[in-house]
Amino acid sequence: MTDAELFAKLQEVDARVVQLPNCRPLAVEVPVGFLLAFMGKLKSRPDLRFIQLLDHLAMDWPEKNEFELVYQLYSIEHDLLLAVHTRISRESPYALTMSRLWPIAQYQEREVFDLFGILYEGHPDLRRLFLEDDWVGFPLRKDYKDYFMLEMPE
Amino acid sequence: MFNRQGIKQQQVKVGGKQLTIIQAPRPQRTSQVATVWGALCSLWNGMRVTWRYFSRPSSIVTQQYPENREHLKIPERFRAQLRLKYDENGEHNCTGCKICDVQCPNASIEVIDMRGESGKKEIDRFVWRMDICTFCNICVMVCPFDALEMSNEFESSVYDKRLLTYQLNRYAGPTKKAFEKIESSADRERLKVGRQPFEAPTPLGIAAGVASGPGVSVAPPSTMKKDDI
Amino acid sequence: MSLEIRTLSEIMNPPQTADSPLSTQEYFVNMGPQHPATHGVLRLVLKMDGETIREVIPVLGYIHRSIEKMAEYLHGRQIVHLTDRMDYLSALANNWAVSRAVETAMGVQTNPRIETIRTLICELQRVQSHQLWWGVLGLDLGALTSFFYGFRDREEITDILEETTGARLTMNYIQPGGLMFDLHPNFVPRVKAFIKYFRPKLDEYETLLSENVILQERLRNVGVLSAEDAIGYGATGPVLRASGIPLDLRKQQPYGVYDQVEFSVPVGTVGDCWDRYWIRIEEMRQSLGIIEQLIDNIPDGKFMEMKPAAKLKLPAGSFYLQIETARGSLGVFLQGTGEDIPHRCHFRSPNFNNLWSVTKTAVGGKIADLVAIVSTLDLVIPDVDR
Amino acid sequence: MQIWSPLYRPSIWSFRTSIGNREVGMDMWQVTTLAARIQESLLNQDFVRAGIFLGGGLAATVAAVSLLGLVLVYAERKVAAHFQCRLGPMRVGWHGVLQPIADGIKLFLKEDIIPTEADRLLFVLAPFFCILGMFLAILVLPVSPEIQIIDLDMGVIFLAAVSGFGVFGVLLGGWSSNNKWSMLGAMRAAAQIVSYEVSLTLALLVVVMFSGSLKMSEIIQSQAAGWWIWRAHGVGLVAFLVYVIASVAELNRAPFDLSEGESELTGGFHTEYSGLRFGLFFLAEFINMVLASAFAATFFLGGWMPFHLGDWQAFNAVMDRIPPLLWFVGKTSFMVFLFMWFRWTFPRLRVDQLMALEWKFLLPVSLVNLLVGAAVVLSGFYFFS
């Protein structure tokens, strides 16, 4: 299935998806409000069957004042790769958990919470993953400052 | 050996791709007697394997390190120490262009350059901090003048990590190519400003970039020796 | 919707309730971070009832080195050398994953020689990694001798790779645009000699451990991971294949020259430790087969397609590429902004995703079962923590 | 005053089998024990001589145990190394022969740590329980006709009684450490040793039945026509196998080293021990291994009795040229090597499999074996009967 065909199928699922340019694999952007329903359909539709959540990560865009969440999905049955992007505000970084669809999301979301401070509503066990429980700040945010961080030499 | 007779290959189609799979066999026992007998046989077979090695001292692979120094073979590409390449006249190729400095992922190279007599950039100090080096070889790879190499001398352990800061150039001054244009050997020697390799506790500022840049003079740490520690 | 953020100490010290006289006392045990069976600094908090495990809580972060944060200040070539330190047992595959992502983003084509050497050398390292795993599995299950046999044979490959790549563990050999060095002239004859040497040794491995009734009983029907759970918990690589799903990126999305070589995918039937064990043993055979097919057919060509110090400009856009390492699919996510330094670099580490199935499979088993499960998951903790 | 006399024959075993009493065409071996010598001296009012025997015997035992510990540490390390394609200790002395002494000095000089939360008294006592069990078992060990401390009339029963003594040390050590891993290890050890005691004793009973005596010297003398391992149509062999498996389990050695299980329990019951106390645990383990080997040799391989074939006088005479002590040492060394071979080859069992092996397999097998052995004894149907 080519990227164009896959995108056409995704538009059948939800007309609000937007294709992101110059991405590999095919990346689409979905408004965060429809994300959970969209993902549920991606997982259950027989012609898509994205049953594996390969990866979940976040990106910080301080100049746009946004976090970008990325879900890398894989369909074993149809050998399809898809990246689903969504954007949430940096001030209230709330997103819905995907752990009911894919159990692994629970842990990947914990990693993102730990490093970005994105709060997943409905998450069964939202705790820090790598850092200590009393760590202050979220290191992968672009504005994170730490006593140990060195200045980049010019 | 584990019985491979019952292993079957099968063609399956997954995600539109045809592939051959081999199904993992299950360890199986048929009856109680066979189980006991098979278990005893399997244990005995395992013991035979270990006995085979026990009874053949030639299969010992231990190398006794300090004793085997003479015939210890280190591959020529093995990366143990960063070195400047010197020719038979003791001259190197480094121009102080700082490409390695910029490309080094963890800032373990600090190149300090200066203006030479000809007005061109010349190397003043090439400081390499082995204690933070990851031996990724990028500096050697990116050097456009082929001035660097990784040597095999792996025995570089010391008791103080400050001793792991090396100055690689033995002299400050022009490169090998620039020297070729100079005829008189007296001029050649005059242009070579001696730089001793660090062999004593080094002010970390040199390598960390505090005292970097042309014109900043760093007192040569020649007054301190290893015994001072 | 409530968002309650707990801490580990709250979980380990639950509020006291009045026990009924018949109930046994459940207690918490820390398995790790210093524990011989966790292969590093993994900490598993076990809720135990006698010897039976009721709950497993993995606690990570003891070797978190913020590689992703560091990668936001480094360009592609420099990121490659960081990946050596993630899954140090498949350093070359990690190098390749980043290199491939950078090459794809930049649109660089590599010649067949580079691809063949990459494939060859990664397969060698897959064998090497599985050898180490085999030895350590024996160690975990109490057979110390296999540990030394595994390491002895691993040393042969390490020597071969050292001769070509110049390092034994953190090789940094596969670079964006090609390779750091060309193959060493001794490489081909030594690999051939190694295959000749290792095939009988592999049979010996099977005699020593696979055939051993104690090992079979320790592994069979222990830690059963069903196919649904394996997919749901994001397992890849041998762990997923052991659950019966013949998913191998080398077949599904061929990279390198995997589409030109013949090999079979070993697949399990039950998803227990035995399947995971046997699949890795069989993968060693298949990898030897791949190496045999490629070793005589290395095409000529350059070993580097780019200038060594060329600026690696990543175009704006996100790139996610996967490579099948010895433990599963390693994904590299790069977000370019037109600079040579990526805006975000993320590694989908196979070990991180494989690890979590332990919370499901180890429950109800004994400590010894947990050891077997962790051992057959073949975790490399620096890759989990990154 | 016949109780300790070496030639006194006990009458507690009223059912004397024909094998036990049988003279096989040769002189009976003269057995002298240390206890008998002391007894004799005392009867002669020669207290100095008695004191010399007492002190000398005590000193010799302690010295032998210490020396054996050193030798075994070295042997284990070398054997393990050669199984694993290694050289083992090579640095201290010629081929590292002084390595165990260096280890011992290291253990002596190490800081002796007692955890704050530990039960101090029991923590300190625990290693000595292990050592005590070991020394008690040495009492009845027949090394050669001249070297034995006491030839008890009920030596086998005494042995069965004290062989489980080491479990006290393990259990107390694990419990008093106040460490969950140690506790788990101690519990495993207790369950394991108590269970395997059953089939161990049943295996010994077969030999007791054959020889018709509970006395060590008589058990050995009953093998003058051939060792019990092969004389009884496989019954002895099965009993021997059961004994070997059960004693490996009793010794807490791989593949049954669950109570230590370094990859599971990080050392098990001796996790918290360091320095000399740790060394004592290890000494006890190693000496216990020798004792188990020595008793296996005694019961099944004839002990110090040379290899005899019935009444083949010429052959037996040649075998008698080799002194009994050498026979004993040879057989014991073979058994020790076998235990090491097991340890460095097999993976460890799981705790429930361990119990299943004992109660569901070894116990029925040894019971059936006992019945078959009884049939053999009653029918007299064995080699060289």
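Being a predicted model, the structure only gives us computed values, none of them experimental. In what follows, chains carry the letters A, B, and so on, assigned in the order in which the sequence lines appear, proteins first and then strands, with residues in each chain numbered from 1.
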When heavy-atom pairs shorter than 4.5 Å are enumerated against chain B, which of C/Gly166, C/Ala167, C/Ala143 gives the highest number?
C/Gly166

So for B/Gln103, is it side chain, backbone, both, or neither that comes closer than 4.5 Å to the heavy atoms of chain C?
both

Can we say B/Arg79 and C/Glu162 salt-bridge, meaning some charged N sits less than 4.0 Å from an Asp/Glu carboxylate O?
no

Taking the side chain as every heavy atom from C-beta outward, state whether C/Val261 and C/Arg250 have any atom pair closer than 4.5 Å.
no

Chain B contact via C/Glu262 - side chain, backbone, both or neither, heavy atoms under 4.5 Å
neither

Note: C/Glu156-C/Arg190 ion pair, threshold 4.0 Å (strictly below):
no

Under a 4.5 Å heavy-atom cut-off, does chain B meet the side chain of C/Met171, its backbone, both or neither?
backbone

Under a 3.5 Å cutoff, is there a donor and acceptor pairing between the side chains of C/Gln252 and C/Tyr258?
no

Contact winner vs chain B - C/Thr164, C/Thr170, C/Ile214, C/Asn186, heavy-atom pairs under 4.5 Å:
C/Thr164

B/Gln64, CD: over 12 other non-hydrogen atoms inside 6.0 angstrom
yes

Does a side-chain N-to-carboxylate-O contact under 4.0 Å join B/Lys85 and B/Asp146?
yes

Measuring heavy-atom distances to chain B, does C/Arg85 have an atom under 4.5 Å in its side chain, in its backbone, in both, or in neither?
side chain

Which portion of C/Thr165 sits near chain B, non-hydrogen atoms under 4.5 angstrom:
backbone

Counting only heavy atoms closer than 4.5 Å, note whether C/Glu155 contacts chain B via side chain, backbone, both or neither.
neither

Heavy-atom proximity to chain C below 4.5 Å, by part of B/Glu76:
side chain

Between B/Arg48 and chain C, which part of the residue has a heavy atom less than 4.5 Å away: side chain, backbone, both or neither?
neither

Does any non-hydrogen side-chain atom of C/Leu219 lie less than 4.5 Å from one of C/Leu141?
yes

Interchain contact, C/His184 with chain B, by part (heavy-atom threshold 4.5 Å)
both

Does B/Arg125 come within less than 4.0 Å of B/Glu110, counting only side-chain N to carboxylate O?
no

Is it true that B/Lys73 and C/Glu163 have a side-chain N and a carboxylate O under 4.0 angstrom from each other?
no

Given heavy-atom pairs under 4.5 angstrom as the criterion, report whether the side chain, backbone, both or neither of C/Arg77 touches chain B.
both

Please state whether the side chain, the backbone, both or neither of B/Val102 comes within less than 4.5 Å of a heavy atom of chain C.
backbone

Please classify the contact of B/Asn152 with chain C as side chain, backbone, both or neither, using a heavy-atom distance under 4.5 Å.
neither

Indicate yes or no: does C/Lys251 engage C/Asp259 in a salt bridge with an N to O separation below 4.0 Å.
no

Report the option among C/Leu215, C/Val270, C/Leu209 that has the most heavy-atom pairs separated by less than 4.5 Å from atoms of chain B.
C/Val270

Would you say the side-chain atoms of C/Tyr173 and B/Asn137 include a donor-acceptor pair closer than 3.5 Å?
no

Can you tell me which of C/Thr269, C/Val265, C/Thr145 forms the most heavy-atom pairs within a distance under 4.5 Å of chain B?
C/Val265

Max heavy-atom pair count under 4.5 Å with chain B, selected residue of C/Ile281, C/Asp182, C/Leu202, C/Asp159:
C/Asp182

Which atoms of C/Asp248 approach chain B - backbone, side chain, both or neither, heavy atom under 4.5 Å:
neither

When the aromatic ring centroids of C/Tyr205 and C/Phe198 are compared, is their separation below 6.0 Å?
yes

Heavy-atom cut-off 4.5 Å, strictly under: side chain, backbone, both or neither for B/Cys143 against chain C?
neither

